[in-house]
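Chain letters run A, B, ... following the sequence lines, proteins first and then strands; every chain starts at 1.
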Amino acid sequence: MKARELNNLGVPKGPVMKIALEAVKNAAKDGNKQAEMRERISAVVATPDSFTADPIWGTLASKLAGVFEAQARYIGREDPAPWKQWGDGLEAGAVDQMVNACKLPVTVSGALMPDAHQGYGLPIGGVLATKDCVIPYAVGVDIACRMKMTVLDLPVETLNKDQDRLRNAIERETLFGVGAGFRKKREHDVLDADWTVSPITKLNRDKAWKQLGTSGSGNHFVEFGVLTLDHEDLGLEAGTYLALLSHSGSRGTGAAVCSHYSSLAKEAHPELPRELSNLAWLDLDSEAGMEYWAAMNLMGEYAAANHACIHHAIKKNLSVDVLLDIENHHNFAWKETHGGEELIVHRKGATPAGDGVLGIIPGSMGTPGYIVRGKGVEASLRSASHGAGRRMSRTAAKAKFNWKEVKRFLDQRGVTLMSAGLDEVPMAYKDIEEVMASQQDLVESVARFDPKLVKMAKAGERPED
DNA sequence: ATGTCC
């Protein structure tokens with residue numbers, strides 16, 4: 001019997017499901033037939049209290065009784081927390097998730113960015129301010145997923161005249177794919193940090209080391225392109241520059257941190273109705289909350305180190321100097337003061353846009369991205385989008401597009417694609433210009449970046465070893 | 001976005 005079937009019989013998803021599956025296994029061992037089990041589970045769900053002494057169903061019954069009692073005691077808040085959205089025609093699922101997030105008793109306010117789409121718990125592009133607690137799924141699976149751009153002291157013409165040199169640097173200095181790790185590990189000071197702050201980071205330190213400097217999969221990329229400044233800024237004269245841009249996060253270790261603490265958060269909040277369960281939080285003064293906060297911050301340093309390793313290795317490979325470095329997280333939570341109150345601000349796929357704060361908003365492999373300067377708008381909790389946002393699901397994109405038309409699109413724009421999946425093609429993304437236009441009150445554009453040589457994970461790419 | 005377990 002599977003979780004889905006148990007759920008249909010009334011067993012709630014979450015920590016109880018594991019216990020239910022265990023009970024089913026024991027019942028089967030004891031010779032119970034499927035039909036008997038189904039009947040018995042329905043009975044346990046209906047009146048758990050009368051089964052707490054049962055040798056097979058007792059543990060499940062007690063746990064269910066506790067969960068149902070907690071759910072019965074739960075009273076939703078009367079007025080949802082205020083929130084505002086940027087951009088029109090946002091995905092209904094994303095808006096629903098934002099509405100739900102503002103029903104949490106711990107939410108103070110929220111904002112939805114113009115690249116929003118549906119995620120686990122909080123939508124991607126969701127910003128949520130809470131009081132004294134952190135929501136693992138409002139930070140996201142890829143904790144501290146971030147952008148880094150390095151402007152290189154290398155002629156823009158290198159992109160055409162010596163493309164193989166650039167291609168070789170990307171090929172040699174980072175790895176793509178789920179589970180990808182270096183045989184010959186990279187070195188970085190982040191390895192000297194305290195990895196014992198959480199059992200998860202302690203357990204995964206070696207994997208994190210192997211994956212240091214790798215890029216992963218999904219929408220992650222490493223690319224060279226042309227940075228164009230219309231005006232003197234960032235310490236650079238107006239003109240065009242060769243720049244390296246990377247997008248990736250905390251790899252397997254960050255995902256493990258998210259998964260572990262999200263489970264603990266769900267256990268701590270069995271009262272939450274189903275549509276809010278992925279938004280379960282940890283109090284910052286609880287042991288789990290303190291551990292998560294420390295682990296999240298370590299993942300912040302680790303993700304920054306990943307980008308640092310990639311950029312350092314590529315720069316060294318090319319033997320060039322760096323003119324400028326810009327970077328920012330977009331999946332993270334910060335302690336910030338808003339309206340005179342210290343809040344925990346979660347930005348899940350949203351760029352920090354405090355007054356004068358620099359950030360990077362990429363478009364797609366074939367469309368421009370922008371270096372932006374935040375305007376510190378409070379209504380957005382000083383945030384902006386983290387990209388163009390998907391126009392359609394990955395499945396839909398794979399069914400709709402083919403490489404021939406993508407190649408034509410990229411050729412027209414002078415983009416060379418080293419590798420990627422069809423689900424990441426530019427046509428699967430919203431128009432970045434429209435997205436930027438809908439958030440011009442949040443950020444000003446400082447410079448434009450046009451990708452020219454792009455590497456992403458191949459479809460279904462697996463690690464070599 | 002990640003990588004594993006009934």
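Pairs engaging residues 425-435 of chain A under the side chain to side chain donor-acceptor pair (under 3.5 Å) rule: A/Tyr370-A/Glu433, A/Glu424-A/Tyr429 [sequence neighbours left out]. Within the structure, ring-ring contact (aromatic ring centres under 6.0 Å, His included) contacts touching residues 109-134 of chain A (residues at least two apart or in different chains) are A/Tyr120-A/Tyr137.
Annotation: side chain to side chain donor-acceptor pair (under 3.5 Å) contacts of A/Ser277 (sequence neighbours excluded): none. With sequence neighbours left out, A/Asp194 forms a side chain to side chain donor-acceptor pair (under 3.5 Å) with A/Thr196. With sequence neighbours excluded, the residues forming a side chain to side chain contact (heavy atoms under 4.5 Å, CB included) with A/Arg40 are A/Val44, A/Phe51, A/Asp54, A/Trp57, listed by chain and number. Take A/Thr253 and apply the side chain to side chain donor-acceptor pair (under 3.5 Å) test, not counting sequence neighbours, and it matches no residue.
Counting non-hydrogen atoms of neighbouring residues, nucleotides and ligands closer than 6.0 angstrom, the CZ atom of A/Arg413 exceeds 12 such neighbours. The 12-atom threshold is exceeded at CD of A/Glu275, counting heavy atoms of other residues, nucleotides or ligands nearer than 6.0 Å.
Contacts of residues 252-269 of chain A with DNA chain B (heavy atom under 4.0 Å): A/Gly252, A/Ala255. Listed in residue order, the members of residues 391-399 of chain A having a heavy atom less than 4.0 Å from DNA chain B are A/Arg394. Of the residues in residues 295-308 of chain A, none has a non-hydrogen atom less than 4.0 angstrom from any atom of DNA chain B.
Contact between the side-chain N/O atoms of A/Gln211 and the OP1/OP2 oxygens of B/dG3 is found at a separation under 4.0 Å. Note on A/Lys207: a side-chain N or O is less than 4.0 Å away from OP1 or OP2 of B/dG3.
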Report, one line per pair, each donor and acceptor closer than 3.5 Å where one atom sits in a side chain of residues 299-307 of chain A; sequence neighbours left out.
residue	atom	partner	partner atom	Å
A/Tyr302	OH	A/Ala208	O	2.6
A/Asn306	OD1	A/Gly213	N	3.0
A/Asn306	ND2	A/Gly249	O	2.9
A/His307	ND1	A/Ser246	OG	2.7
A/His307	NE2	A/Arg146	O	3.2
A/His307	NE2	A/Ser248	N	3.4
A/His307	NE2	A/Ser248	O	2.8
A/His307	NE2	A/Ser248	OG	3.4

Would you give me the side-chain donor-acceptor pairs under 3.5 Å for residues 3-22 of chain A, sequence neighbours excluded?
residue	atom	partner	partner atom	Å
A/Glu5	OE2	A/Arg38	NE	2.7
A/Glu5	OE2	A/Arg38	NH2	3.3
A/Asn7	ND2	A/Val11	O	2.9

Check residues 254-265 of chain A and write down every donor-acceptor pair under 3.5 Å in which the side-chain atom is one partner and the other belongs to a residue at least two apart or another chain.
residue	atom	partner	partner atom	Å
A/Tyr261	OH	A/Ser198	OG	2.8
A/Tyr261	OH	A/Glu291	OE1	2.5
A/Ser263	OG	A/Ser259	O	3.1

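Atoms CG (A/Asn204) and C1' (B/dT4) sit 13 Å apart, rounded to a whole Å. The distance from atom CG of A/Leu6 to atom P of B/dC6 is 14 Å, rounded to the nearest whole Å. Between the P atom of B/dA1 and the CG atom of A/Asn331 lies a distance of 9 Å, rounded to the nearest Å. Between the CZ atom of A/Arg251 and the C1' atom of B/dT2 there is a distance of 8 Å, rounded to whole Å. Rounded to whole Å, atom C1' of B/dA1 lies 14 Å from atom CZ of A/Phe176. Rounded to an integer number of Å, the gap from A/Asn219 CG to B/dT2 C1' is 13 Å. Put simply, NZ on A/Lys210 is 16 Å from C1' on B/dT2, counting in whole angstrom units. A straight line from CD1 of A/Ile124 to P of B/dT2 spans 13 Å, rounded to a whole angstrom.
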